[in-house]
Amino acid sequence: MSLPPDFMHARVDAVRKKLNVQVCSLYQADSRRKSLEIVATSGLNQRVLGATLTYSQGLTGKVARTRSTVVARDVQAHMDYFYVPGSDEEHFRSYLGIPLECDSVLYGVLVVQTRVKKTFFLKDIRELHNGGRDLLDALKLSVRWAG
């Protein structure tokens, strides 16, 4: 079972608007392959859907690898920056990514980005976690149905 694209797009778009950022993207984790697939985005080029990263690539891979929140005020100056071809993400400066996990299982990563340099605060991180709750539930269901 794949994730319902309309639901996922509507959800990431709602999170993007709620946090007043220009991008919100959802990556689904594949723990066996140690990879992440972009399954929904609001703000990046839609051609990027289906692109994959490994846990060793970029800030989003770092979120998956460390299972920790990653924040970058100037993403392109960050040592872990990785450009996803065709995403048009070169226009964005700041980054906030959180792991979507439950019971020690990583289901995905939720990311927001801004055009201007922004400092993300604890309230922003909490808000992103709130926005990610139903996305986490959808990812968990997707894994159950696929397994």
Side-chain angles (χ1 to χ4, degrees), residues 2-3 5 7-140 142-143 146:
S2 62
L3 298 168
F7 168 80
M8 303 312 278
H9 178 76
R11 193 66 215 133
V12 296
D13 193 50
V15 171
R16 181 185 62 79
K17 289 174 182 172
K18 176 83 172 160
L19 270 71
N20 194 27
V21 294
Q22 288 72 55
V23 173
C24 182
S25 301
L26 176 65
Y27 296 74
Q28 185 169 14
D30 181 334
S31 59
R32 285 175 295 179
R33 292 189 177 119
K34 301 273 190 232
S35 66
L36 298 159
E37 178 184 350
I38 303 173
V39 295
T41 187
S42 176
L44 293 181
N45 190 317
Q46 294 297 304
R47 291 179 299 176
V48 79
L49 294 175
T52 59
L53 304 169
T54 67
Y55 286 11
S56 64
Q57 291 178 301
L59 294 163
T60 304
K62 184 175 184 173
V63 173
R65 189 173 63 251
T66 63
R67 304 234 182 140
S68 299
T69 298
V70 173
V71 178
R73 182 168 162 74
D74 186 358
V75 69
Q76 293 174 13
H78 197 283
M79 64 184 273
D80 290 309
Y81 176 70
F82 175 80
Y83 176 73
V84 177
S87 65
D88 296 337
E89 66 183 349
E90 66 271 15
H91 304 292
F92 304 102
R93 296 290 167 248
S94 294
Y95 174 100
L96 168 60
I98 61 164
L100 297 176
E101 63 181 329
C102 181
D103 297 329
S104 299
V105 175
L106 179 69
Y107 290 93
V109 173
L110 187 59
V111 171
V112 294
Q113 294 172 275
T114 61
R115 282 195 186 277
V116 298
K117 290 181 185 178
K118 174 180 173 47
T119 301
F120 288 103
F121 295 102
L122 187 55
K123 70 176 184 59
D124 300 308
I125 296 168
R126 284 187 185 131
E127 199 64 50
L128 189 56
H129 276 285
N130 288 340
R133 282 195 187 119
D134 59 346
L135 290 168
L136 173 59
D137 289 342
L139 290 171
K140 288 172 17 186
S142 176
V143 169

Practice prompt. Please report the shortest heavy-atom distance between Phe82 and Gln57, naming the atom on each side.
Written response: CZ-NE2, 3.2 Å
Worksheet item: Thr60 versus Val84: any side-chain heavy-atom pair under 4.5 Å?
Response: no
Item to complete: Can you measure from CZ (Arg11) to OG (Ser42) and round to the nearest 0.5 angstrom?
Response: 11.5 Å
Fill in: Smallest separation among heavy atoms of Thr41 and His9, with atom names
O-ND1, 3.3 Å
Fill in: For Leu110 against Gly131, the heavy-atom pair lying closest together
CD2-C, 4.4 Å
Practice prompt. Please lay out, stage by stage, how Val111 and Val23 fare under the test side chain to side chain contact (heavy atoms under 4.5 Å, CB included).
Written response: CA-CA 8 Å; Val111 171; Val23 173; 5.8 Å; no
Worksheet entry | Pairwise side-chain contact, Asp88 with Glu90, heavy-atom cut-off 4.5 Å (strictly under) | yes
Using atom types as modelled, flag every donor-acceptor pair under 3.5 Å from a side chain in residues 114-122 to any protein atom, sequence neighbours excluded.
unit_1	atom_1	unit_2	atom_2	d
Thr114	OG1	Val116	O	2.6
Lys117	NZ	Asp74	OD2	3.4
Thr119	OG1	Arg73	NH1	3.2

Discussion item. With rounding to the nearest 0.5 angstrom, report the OG to OH distance, Ser31 to Tyr55.
Written reply: 5.5 Å
Discussion item. Tell me whether Gln22 contacts the main-chain N or O of Phe92 through its side chain, where contact means a donor paired with an acceptor under 3.5 Å.
Written reply: no
Worksheet item: Got more than 12 heavy atoms from elsewhere within 6.0 Å of CG, Asp134?
Response: yes
Discussion item. Is the shortest side-chain heavy-atom distance between Val21 and Leu96 below 4.5 Å?
Written reply: no
Worksheet item: Any salt bridge (charged side-chain N to carboxylate O under 4.0 Å, His left out) pairs touching residues 31-45, not counting sequence neighbours?
Response: Asp30-Arg33
Practice prompt. Could you tell me which residues satisfy side chain to side chain donor-acceptor pair (under 3.5 Å) with Arg133, sequence neighbours excluded, listed by chain and number?
Written response: Asn130
All N/O donor-acceptor pairs, side-chain side in residues 47-54, below 3.5 Å, sequence neighbours left out:
unit_1	atom_1	unit_2	atom_2	d
Arg47	NE	Asn45	OD1	3.2
Thr54	OG1	Ser56	N	3.3
Thr54	OG1	Ser56	OG	2.9

Worksheet, complete the sentence: Rounded to the nearest 0.5 Å, the NZ atom of Lys123 sits from the CG atom of Leu19 at a distance of 8.0 Å
Practice prompt. Under the side chain to side chain donor-acceptor pair (under 3.5 Å) rule, collect the residues that match up with Gln76, sequence neighbours excluded.
Written response: Arg93
Discussion item. Listing request: all salt bridge (charged side-chain N to carboxylate O under 4.0 Å, His left out) pairs with a residue in residues 77-87, at least two apart in sequence or in separate chains.
Written reply: Lys62-Asp80
Worksheet entry | Atom pair CZ (Arg65) and CG (Leu106), whose distance is rounded to the nearest 0.5 Å | 12.0 Å
Item to complete: Evaluate the side-chain proximity of Leu128 to Val15: yes if any heavy-atom separation is below 4.5 Å, no if none is.
Response: yes
Worksheet item: When rounded to the nearest 0.5 angstrom, what distance separates CG in Leu135 from CG in Leu26?
Response: 5.5 Å
Fill in: Heavy-atom check, side chain of Leu136 versus side chain of Lys140, under 4.5 Å
yes
Worksheet entry | Gap separating the OG atom of Ser87 from the CD atom of Gln46, nearest 0.5 angstrom | 11.5 Å
Practice prompt. Looking only at non-hydrogen atoms, find the nearest pair between Val63 and Tyr95 and report the distance.
Written response: CG2-OH, 3.8 Å
Fill in: Closest non-hydrogen atom pair, Leu44 against Ser25
CD1-OG, 3.5 Å
Worksheet item: What is the minimum heavy-atom distance between Leu100 and Gly132, and which atoms define it?
Response: CD2-O, 4.0 Å
